Protein chains: 2
Amino acid sequence: MKTDSGVAPGTATLRGKAAAAPQTGRQRLMAAALQLAATTRSLASLGLREVARQAGLNPNTFYRHFKNFDDLGLAVIEELAGELRQGLRERRRRPLGDALRLDAAKDPLELMRRAEGIIQESVALVLEFVTEHQQAYVVGIRELHGTSPVLRGALRKVFDELATDMAEDMLEIVPPQFVDAQAVHGIAAVVIREMAFYSLDYLEQPARRDQIRTEAQRFILMLLWGGMAMRMPQVLAARAR
Amino acid sequence: MKTDSGVAPGTATLRGKAAAAPQTGRQRLMAAALQLAATTRSLASLGLREVARQAGLNPNTFYRHFKNFDDLGLAVIEELAGELRQGLRERRRRPLGDALRLDAAKDPLELMRRAEGIIQESVALVLEFVTEHQQAYVVGIRELHGTSPVLRGALRKVFDELATDMAEDMLEIVPPQFVDAQAVHGIAAVVIREMAFYSLDYLEQPARRDQIRTEAQRFILMLLWGGMAMRMPQVLAARAR
DNA sequence: CGGCAAAGTAGACGAGTGTCTACGACGATG
DNA sequence: CATCGTCGTAGACACTCGTCTACTTTGCCG
């Protein structure tokens, strides 16, 4: 009856499993739920026994650690959100030194030209990060529009935090004279959402990856242009002198 | 046991139900599935018997009309997509007469000022339309990121068609000299996606509706600005003369 | 060593599910 | 009138599910 999914962990058998086996039962359950949600169905509609089976545990073990499925979902989201946020921040910081900081005195066209390069790197980094965390990303974007209000709220908060981070970084690159500081957060939020969307395509259609990558870059650049043009067309115009 | 959801339709009882009762069993099943998917869980994870119960039909009736749940989902999507596309086209056409067509000869700033008004109306119309088709919209955006590849593909096609329509209309308003014709489709696609996102908020948070509305307007305007600025910063600059 | 709480297991319960085969109603078409 | 395909119904099958109570294992702390 025991098929192939999980190995019985209880008594004495092997403890290091296939790929970086989580040790505590709680973590095993979370990992199993994430994997199932990424491949089979929505997180909230998973079966208690299904997850336990995937984790190689007794169904009742679930009750020891979680009471709801929302509870488990929240735990998974919380764990992954921290990792994702930290990872993105690390990577986003890396390529930008103080040397690259764009001077406010320079004209906007020069600014945009250099921003283009930075965006190129950023998009590459995000997409690279996404490929390393496929399951988390797929499930995240799924549940963002899912049925559980609890998970939706949690994920919305996560995405908002990511947007805040990105806005902060954007304001470091593009001086606030050129864009409405409040609008920057809006831009970042849209970029985050759209990047998540692009990421789905990116993961599912490996053949079109280059195309998707440049598409994403163009989109972000366009948003930045729009933000600047809306704020100060006269600056753009002034450059023509 | 029979609670309140559906009335037995079979033999002789009343035939006109509460609100615009669908007549054929197939339609009843589709309506029931839509309603359940909008309120309870994802379309693919619905129960066969659950839907039949909601429709007030025998579980086995499902088999007469659909074989899969993907099958039912496709039928629902197809029906609603037609209605939605047609409805949006009708409404989008209405407020734009030939009188409002923006002259290519005019300078971009004047063009954008008038585009702002048009966008204002368009956003209002879309949101109004959305409130009239809450269920369809919620389910649509849900399944766009859902688990069934079949439904995802179908919905992606629907969204793409909507984007094509919108791009077509945008090119009627904004002459192609000002924006890259290919980029317009991209802009439209993003607008459609983001509008769907805004719509969820719009439906769920009636208190913030005005805020969301203006936010959406700003976003679209910004995208348009970005598209123009990216294409021809020199045009914007030229206006300063 | 003794005890105790946390973690995991075992088995059983009623309820709900997908699917199958068989049967009744009904409107067309000949 | 007979017949046939469509639509809806009825009952049953094996299965999974969530939840409950009771038991065993494990590791920790004094």
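In what follows, chains carry the letters A, B, and so on, assigned in the order in which the sequence lines appear, proteins first and then strands, with residues in each chain numbered from 1. Keep in mind that this is a model prediction, so the values were computed, not measured.
- Relative to the six-membered ring of A:F159, A:R193 misses at least one condition, a distance below 6.0 Å or an angle of at most 45° to the axis.
- Listed by chain and residue number, B:R41 satisfy the salt bridge (Lys or Arg N to Asp or Glu O under 4.0 Å) test with B:E50 (two or more places apart in sequence, or in another chain).
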Donor-acceptor list for residues 137-153 of chain B side chains, cut-off 3.5 Å, not counting sequence neighbours:
unit_1 : atom_1 : unit_2 : atom_2 : d
B:R142 : NH1    : A:H145 : O      : 2.4
B:R142 : NH1    : A:G146 : O      : 2.6
B:E143 : OE2    : B:L43  : N      : 2.9
B:H145 : NE2    : A:H145 : NE2    : 3.4
B:S148 : OG     : B:D70  : OD1    : 2.9
B:S148 : OG     : B:D70  : OD2    : 3.4
B:S148 : OG     : B:V150 : N      : 3.3
B:S148 : OG     : B:L151 : N      : 3.2
B:R152 : NH1    : B:G146 : O      : 2.8
B:R152 : NH2    : A:E204 : OE2    : 3.0

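- Across the protein-nucleic acid pair, B:L29 atom CG and C:dG18 atom P stand 13 Å apart, rounded to whole Å.
- For the pair B:R28 CZ and D:dC7 C1', the computed distance is 13 Å after rounding to whole Å.
- Rounded to a whole Å, the CG atom of A:N58 is 14 Å from the P atom of D:dT25.
- Taking atom CD on B:Q54 and atom P on C:dG16, their separation rounds to 16 Å, with Å as the unit.
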Hey, what are the protein-to-nucleotides 18-24 of chain D N/O distances that come in under 3.5 Å?
unit_1 : atom_1 : unit_2 : atom_2 : d
D:dG18 : OP1    : A:L48  : N      : 2.8
D:dG18 : OP2    : A:L48  : N      : 2.8
D:dG18 : OP2    : A:R49  : N      : 3.0
D:dG18 : N7     : A:R49  : NH1    : 2.2
D:dG18 : O6     : A:R49  : NH1    : 2.8
D:dT19 : OP2    : A:Y63  : OH     : 2.8
D:dT19 : O5'    : A:Y63  : OH     : 3.2
D:dC20 : N4     : A:N60  : OD1    : 2.6
D:dC20 : N4     : A:N60  : ND2    : 3.2

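- Residue A:H65 places at least one side-chain N or O under 4.0 Å from the OP1 or OP2 atom of C:dG8.
- With sequence neighbours excluded, the residues forming a ring-ring contact (aromatic ring centres under 6.0 Å, His included) with A:F62 are A:F66, A:F69, listed by chain and number.
- The side chain of B:T24 places no N or O atom within less than 4.0 Å of a non-bridging phosphate oxygen (OP1 or OP2) of D:dC7.
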Atom pairs and distances, side-chain donor-acceptor, residues 211-222 of chain B, under 3.5 Å, sequence neighbours left out:
unit_1 : atom_1 : unit_2 : atom_2 : d
B:Q211 : OE1    : B:R208 : NH1    : 3.3
B:R213 : NH2    : B:Y202 : OH     : 3.2
B:T214 : OG1    : B:Q211 : O      : 2.9

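- Partners of B:F129 under the ring-ring contact (aromatic ring centres under 6.0 Å, His included) rule, at least two apart in sequence or in another chain, are B:H133.
- The nucleotide whose nearest atom lies closest to any side-chain atom of B:R53 is, among D:dT9, D:dC17, C:dT17, C:dT17.
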